[in-house]
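Here the structure comes first, spelled out in structure tokens, and everything after it is commentary.
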Amino acid sequence: MRRWAAALLVLALSPTAWARDGRPAAQGDELAALATIPGDRVALLVPLSEKARPEMSRLASELSRAAIEMSAGLPGVPAVKPLTVVVEPDYVALGRHTGEIGEAVPGQKADLHLVWDSRDLGAYRYALARVLLARAGLAAKSQWLERGAALWLSGDWYGRPWRDWLPVFAAVRLIPTAAELLAGEDARAASAPLWTPAAAAVVDRLPGASLAEKLAKSPSQEAVAAILARLSAIPIQNPKSKIQNPPSPLPFLAGISLAMLNRLETGYHAPSVGKQLDAFVGIGANAVSLMPFAFQRSPDRPEIAFLNHGPGSETDVGLIHATRLARARGFHVLYKPHLWVSHGGWPGDVEMKTEEDWARWWQGYRRYILHHAFLARWAGADLFSVGCELSKTVKREAEWRDLIAAVRLLYPGVVTYSGNWYGDLEGVHFWDALDVIGIDSYYPLSASPQATRAELDRGGQEVAKRFAAASRRLGKRVLLTEVGFAAHRGAWLAPNTEGGEPSEDDQARAYQALFAALGRPKWLAGTFVWKAFSAPGSEGRGEADFRFQGRRAERVIREYYGGPSSPRPSSPSLPPA
């Protein structure tokens with residue numbers, strides 16, 4: 001099966017600020033060079049060039065007002081020393097200064113560091129609430145109860161009052177357990193977006209009128225469990241009208257799979273993503289896929305851990321930022337969560353040995369997928385994939401249907417599954433529950449290493465016929481959620497592999513034959529070429545891998561996608577789901 005070229009690199013940066021050359025930066029000097037926009041309770045530190053922007057003055061006022069409002073519920077919070085908030089130019093600078101990537105992150109020299117976006121004001125309020133709680137000396141043994149207390153104080157959560165999310169999370173069975181909420185440390189499978197409202201509800205129901213009273217005594221696990229049981233029973237009212245709208249029609253998706261380079265300077269959160277998206281415009285692309293990851297130690301181990309914690313990983317904020325950049329340029333976005341299986345494993349091998357392990361695996365996988373469905377909604381992604389190449393799990397049809405129904409309560413866009421080319425097209429029996437048939441297409445075009453153009457064309461036509469037949473049989477359009485050929489000799493022999501003798505010519509020939517056979521018929525919803533990375537300068541040079549930028553294949557892709565120098569084919573529309 002097609003493997004990733006390199007393992008994920010998750011950077012563990014310390015909270016110390018770091019300069020571009022890797023040496024610790026003098027952050028105090030950096031802060032001294034910033035301009036101050038004073039507020040009643042918040043002093044905003046911004047670059048000199050930003051001081052005159054009206055948005056910065058409004059931000060200082062909004063944060064000051066929020067701090068005053070929230071301090072009223074926290075007797076004893078020192079009112080003399082103002083809070084200092086640094087507005088960073090981008091998430092790379094924020095990561096260097098704090099060691100984290102987030103909407104608003106505490107630092108050593110300032111109370112908070114943030115990257116300004118008007119849509120994230122609720123997240124800034126929440127972060128301010130956490131700072132105020134610390135100043136008030138209010139701490140809980142559970143990090144989740146502290147987070148819940150901050151949300152109880154700040155109010156908004158991803159565009160809504162936090163209480164509004166509770167019926168939705170109850171409907172999709174996302175309320176955490178008492179043991180999870182009372183744990184002293186974060187679990188690697190914990191979801192802050194999904195758990196924090198439940199933690200706020202627990203705090204809300206603890207004895208006492210003030211937070212000081214509520215947090216004065218640690219609640220018992222039995223008391224928390226009773227509260228959570230009541231939350232799990234909250235009914236959802238008219239979910240279809242309140243939670244989702246029918247997906248809007250989409251054009252033919254001329255897509256590129258945008259993989260993240262796992263470094264602070266080049267991740268989804270970095271300015272380099274914008275430059276790469278601009279390069280995709282020149283190819284004629286109108287869509288990108290973004291790929292968060294979870295980790296599984298082996299195919300038969302049920303534990304699943306999120307890989308969104310380090311600044312060099314696919315963080316939640318990084319994915320949201322990349323989605324916003326893409327949408328601002330007119331791109332459609334596919335959120336496509338993947339599993340990373342350790343020791344050279346492949347998601348298609350995932351299969352549990354016992355029913356007990358299956359139940360544990362589904363619990364973790366379900367939480368991972370719904371976590372990203374929730375964030376994909378907030379980010380504004382157009383499409384969401386519920387899984388990728390999990391071929392040995394598709395026989396668990398009831399679990400997949402349950403997951404798809406839960407995704408639809410959280411996410412309003414087009415929903416698909418990214419099936420493996422080797423069997424999933426025919427082996428998946430829940431295509432009817434999805435909007436489009438998603439396939440990672442790595443079908444061989446010929447068994448001959450010396451295949452002629454005519455032979456490759458015939459191979460491409462056979463692949464296209466297979467897709468067309470599936471579309472007719474299932475009554476849905478086909479979306480190639482991945483399609484790719486590596487730049488090696490005989491690229492058409494086993495397109496899911498890379499390595500061997502490099503050949504740009506054979507990579508380009510394979511793309512040319514398949515795209516000529518596909519065209520843009522009504523049954524084809526689009527294609528996502530595998531792959532490009534999240535920063536310019538990562539083009540392939542003499543390596544037998546899947547990259548296409550700067551190679552002969554790029555011209556073939558541009559011609560198919562109708563780039564600026566190519567005639568643009570007509571674009572059929574996806575019907576509403």
Item to check | Donor-acceptor contact present, side-chain S289 to main-chain L334, <3.5 Å | outcome: no
Checklist entry - Looking at side-chain heavy atoms only, is the closest gap between K392 and P299 below 4.5 Å? => result no
Checklist entry - Taking 4.0 angstrom as the limit, do R396 and E351 come out as a salt bridge? => result no
Item to check | Backbone of G519 reached by a side-chain donor or acceptor of Y560 within 3.5 Å | outcome: yes
Next on the checklist: Take a 6.0 Å sphere around CZ of R297 and say whether it holds more than 12 heavy atoms from other residues, nucleotides or ligands.
Outcome noted: no
Item to check | Results of ring-ring contact (aromatic ring centres under 6.0 Å, His included) for Y91 - residues two or more places apart only | outcome: H321
Checklist entry - If every non-hydrogen atom of T315 is compared with every non-hydrogen atom of G318, which pair is closest and at what distance? => result OG1-N, 3.0 Å
Next on the checklist: So if I apply the side-chain contact (heavy atoms from CB on, under 4.5 Å) rule between P193 and each of W378, F169, F374, which one comes out positive?
Outcome noted: F374
Checklist entry - Quick one: do the W362 and T393 side chains pair a donor with an acceptor below 3.5 Å? => result no
Next on the checklist: So that I can tick it off, tell me whether E559 and R555 are bridged by a salt bridge, with the cut-off set at under 4.0 angstrom between side-chain N and carboxylate O.
Outcome noted: yes
Item to check | Heavy-atom closest contact (S418 atom, K336 atom, distance) | outcome: OG-CE, 3.3 Å
Checklist outcome for this item: Between F280 and A532, the two heavy atoms sitting closest are CZ-CB, 3.7 Å
Checklist entry - Are any of the side-chain nitrogens in R466 or E426 under 4.0 Å away from the carboxylate oxygens of its partner? => result yes
Next on the checklist: Quick one: does any side-chain atom of Y443 pair with a main-chain N or O of W421 as donor and acceptor, under 3.5 Å?
Outcome noted: yes
Next on the checklist: Could you check whether Y417 and D424, counting side-chain N and O atoms only, form a donor-acceptor pair closer than 3.5 Å?
Outcome noted: yes
Item to check | Trace of the salt bridge (Lys or Arg N to Asp or Glu O under 4.0 Å) decision for K531 with D545 | outcome: CA-CA 9 Å; K531 64 184 173 177; D545 58 23; over 6 Å; no
Item to check | Side chain R329, main chain L325, donor-acceptor under 3.5 Å | outcome: yes
Checklist entry - Is F384 close to R377 at the side-chain level, that is, under 4.5 Å between some pair of heavy atoms? => result no
Checklist entry - Where does the angle between the aromatic ring planes of F293 and W340 fall among parallel (under 30°), tilted (30 to 60°) and perpendicular (over 60°)? => result perpendicular
Checklist entry - Looking just at side-chain N and O atoms, do Y442 and T497 make a donor-acceptor pair shorter than 3.5 Å? => result no
Checklist entry - With R173, which residues qualify under side chain to side chain contact (heavy atoms under 4.5 Å, CB included), at least two apart? => result R366, D402
Item to check | Heavy-atom closest pair, residues A486 and Q507 | outcome: O-CB, 3.6 Å
Checklist entry - Taking NZ, NE, NH1 and NH2 as the nitrogens, is one of them in K275 or D278 under 4.0 Å from a carboxylate oxygen of the other? => result no
Checklist entry - Any side-chain heavy atom of M352 within less than 4.5 Å of one from P302? => result yes
Next on the checklist: Does any part of the side chain of V394, heavy atoms only, come nearer than 4.5 Å to the side chain of H429, both counted from C-beta?
Outcome noted: no
Item to check | Pair listing, ring pair (Phe, Tyr, Trp, His ring centres under 6.0 Å) test, anchored in residues 472-503, at least two apart | outcome: F485-Y511
Checklist entry - side chain to side chain donor-acceptor pair (under 3.5 Å) between Y561 and T527: does it pass, once the steps are laid out? => result CA-CA 10 Å; Y561 281 176; T527 63; 2.8 Å; yes
Checklist outcome for this item: Correct closest heavy-atom pair for S272 and T266 would be OG-CA, 3.7 Å
Item to check | No-hydrogen, no-angle side-chain donor-acceptor test under 3.5 Å, N308 and S313 | outcome: no
Checklist entry - Under 4.5 Å between any side-chain heavy atoms of L493 and P449, yes or no? => result yes
Next on the checklist: Could you walk me through whether L319 and L375 satisfy the side chain to side chain contact (heavy atoms under 4.5 Å, CB included) test, starting with their C-alpha distance in whole Å, then the side-chain angles of each, then the deciding distance to 0.1 Å, before giving a yes or no?
Outcome noted: CA-CA 9 Å; L319 284 150; L375 295 178; over 6 Å; no
Checklist entry - Salt bridge check: are R327 and D382 linked by an N-O gap of less than 4.0 Å? => result yes
Checklist entry - Counting only N and O atoms by type, is there a donor-acceptor contact under 3.5 Å from the side chain of R360 to the main-chain atoms of E303? => result no
Checklist entry - Testing L480, L479, L258 for side-chain contact (heavy atoms from CB on, under 4.5 Å) with F528, which one passes? => result L479
Checklist entry - Do Q296 and W361 have side-chain atoms, one donor and one acceptor, less than 3.5 Å apart? => result yes
Next on the checklist: Classify the ring geometry of H371 against F306: parallel below 30°, tilted from 30° to 60°, perpendicular beyond 60°.
Outcome noted: perpendicular
Next on the checklist: Could you check whether any side-chain N or O of D506 sits under 3.5 Å from a backbone N or O of A491, counting only pairs where one atom can act as donor and the other as acceptor?
Outcome noted: no
Next on the checklist: Closer than 3.5 angstrom, by distance alone: can the side chain of D440 be matched with the main-chain N or O of N420 as a donor-acceptor pair?
Outcome noted: no
Next on the checklist: Contact between I283 and F548 at the side-chain level, heavy atoms closer than 4.5 Å - yes or no?
Outcome noted: yes
Next on the checklist: Between S298 and D300, do the side chains contain a donor N or O and an acceptor N or O under 3.5 Å apart?
Outcome noted: yes
Next on the checklist: Given 3.5 Å as the limit, does a donor-acceptor pair link the side chain of H269 with the main chain of L264, or not?
Outcome noted: yes
Checklist entry - Checking S257 side chain against V529 main chain: does a donor-acceptor pair fall under 3.5 Å? => result yes
Checklist entry - Within the side chain of T98, is there an N or O that forms a donor-acceptor pair under 3.5 Å with the backbone of L94? => result yes
Checklist outcome for this item: Taken to the nearest 0.5 Å, the spacing of H332 NE2 from N286 CG works out to 5.5 Å
Item to check | Heavy-atom pair of closest approach, residues K476 and I437 | outcome: O-CD1, 3.8 Å
Item to check | Check against side chain to side chain contact (heavy atoms under 4.5 Å, CB included), L445 and E455 | outcome: CA-CA 8 Å; L445 303 184; E455 290 171 330; over 6 Å; no
Checklist entry - L383 versus T416: any side-chain heavy-atom pair under 4.5 Å? => result no
Checklist entry - Side chains of S441 and F467: closer than 4.5 Å at any heavy-atom pair? => result yes
Checklist entry - In Å, rounded to the nearest 0.5 Å, how long is the span from CG of D316 to CD1 of I101? => result 12.0 Å
Checklist entry - Is E554 salt-bridged to R551, going by a charged N under 4.0 Å from an acidic O? => result no
